[in-house]
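Input: a single structure, listed below in structure tokens.
Please read these numbers as outputs of a predicted model, since none were measured by experiment. Ligands are counted one by one from 1 in listed order, and the atoms in each one are counted from 1 as well.
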Amino acid sequence: MSKMHATITAAGHYAPEKLLTNADLEKMVDTTDEWIRTRTGIVERHILEGGALSDMAVPAITRMLKNSGIGPEEIDLIIVATISPDMFFPSTACIIQEKIGAKKAWGFDLSAACSGFLYALVVGAQFVENGSYRKVVVVGGDVMSRIADYTDRNNCILFGDAAAAVLLEPTEDTSLGILDHVLYADGSGGKVLYMKGGGSLNPPTHETVDKGMHYLYQDGKAVFKVAVIGMAEASAEIMKRNGLTGKDVDWLVPHQANLRIIDACAERMELEKSKVMVNIDRYGNTTNATIPMCLSEWWQAGKLRKGQTIVLASFGAGFTWGAVLVKWNAENVAQN
Ligand code: COA
């Protein structure tokens, strides 16, 4: 058995230029900047105007490769966590593989909604830990603006578009890298957060379009409660079984769905706010991109440093949720 650990050695992210601010949304639905800020913490989101998920994933991976110093031809495997792939098939992983010239890589898409990045990170880590591959790219990204209903004030204010990627490589130092994970699913949650149209159950017809079935539906209140409990309990579980308290954790990297969910989770973990990565104000909920976006931004700003202990936590449709414990092992790239 290999004693390798998988470790994140680089990250990169991309958000499209166009902004959708709360002021813009005030003109589209019956809402106010004040309501959105106080209920969600969101101020603006980025929106992809043309193109598809792969058009955000490619610049994110290109930046990640630049930060790592490796070339695309060295990549062994590409895993794309998304609920808004370019199309059902071929997989966005294959589209990306061709676009970046990762000639020897194979890859696939993975669907677990807002927990997709954590699921994909854990799956990718298995291949590195068992010695199969040495360079695995895990991408999280979504074009949520394509499935948000901009006549529904309950939901359209929450989401934005972005993609981010990390590189997994092996290390023989088993005190570093991805140390532990807890992942869960509960299919009974499918009743309160879903997109019914477009799949084999409800293939696209005039009727499915007229009924708005190709939009995301969410009962926000029902999701809110379980999201706080799920993220906090998964984080507490992983900390407890690794003998850690809030004092030992340098950063909580939570899925960015609502600032109030993040604050409640941090409070339950007895973590100071200064130890919690938050960028929901600038991006909204970018679904699969939220956690790798935080890692990439904080790392490139020099705030996430080698040797720090971080807990990644997510909750999403399915329901799916979990936490991953990481000892950050990427060389510092920041100049400051
Ligand atoms: N602007 C103004 N008012 C709005 C509004 C908006 N954009 N959206 C909803 N409201 C209204 C509601 O209609 C309701 O009015 P009523 O009391 O007259 O019926 C009132 O605000 C309160 O709505 P409520 O649903 O109780 O708000 P909330 O505090 O629960 O916040 C969410 C709503 C969606 C922001 C919140 O529930 C949430 O973030 N849920 C979880 C999202 C999430 O984690 N998703 C996971 C996907 S990963």
Checklist entry - Is the shortest side-chain N to carboxylate O distance from Glu169 to Arg134 below 4.0 Å? => result no

Pick one of side chain, backbone, both or neither for how [X] approaches ligand 1, counting any non-hydrogen atom pair under 4.0 Å.
| X | value |
| --- | --- |
| Asn258 | side chain |
| Asp30 | backbone |
| Thr287 | neither |

Item to check | Any donor-acceptor N or O pair under 3.5 Å, side chains His255, Ser115 | outcome: no

Are there protein heavy-atom neighbours of [atom] below 4.0 Å?
| atom | result |
| --- | --- |
| atom 20 (C) of ligand 1 | no |
| atom 10 (N) of ligand 1 | yes |
| atom 16 (P) of ligand 1 | no |

Checklist entry - Do you know which two heavy atoms are closest between Pro90 and Cys94, and how far apart they sit? => result CB-CB, 4.5 Å

Item to check | Cation-pi, Phe224 ring and Lys221 (6.0 angstrom, 45 degrees) | outcome: no

Item to check | NZ or CZ of Lys275 within 45° of Trp251 ring axis and under 6.0 Å | outcome: no

Next on the checklist: Going by ring pair (Phe, Tyr, Trp, His ring centres under 6.0 Å), name the pairs with one or both residues in residues 14-72, residues two or more places apart or in two chains.
Outcome noted: His46-Tyr283

Checklist entry - According to the ring pair (Phe, Tyr, Trp, His ring centres under 6.0 Å) rule, which pairs have a member within residues 138-192, sequence neighbours left out? => result Tyr184-Trp321

Checklist entry - Taking both backbone and side-chain atoms of Val223, is any N or O found less than 3.5 Å from an N or O belonging to ligand 1? => result no

Checklist entry - Which is closest to atom 12 (C) of ligand 1 by heavy-atom distance: Lys221, Met231, Arg153, Lys225? => result Arg153

Checklist outcome for this item: Nearest non-hydrogen protein atom to atom 29 (O) of ligand 1, with distance, is Arg39 NH1, 2.6 Å

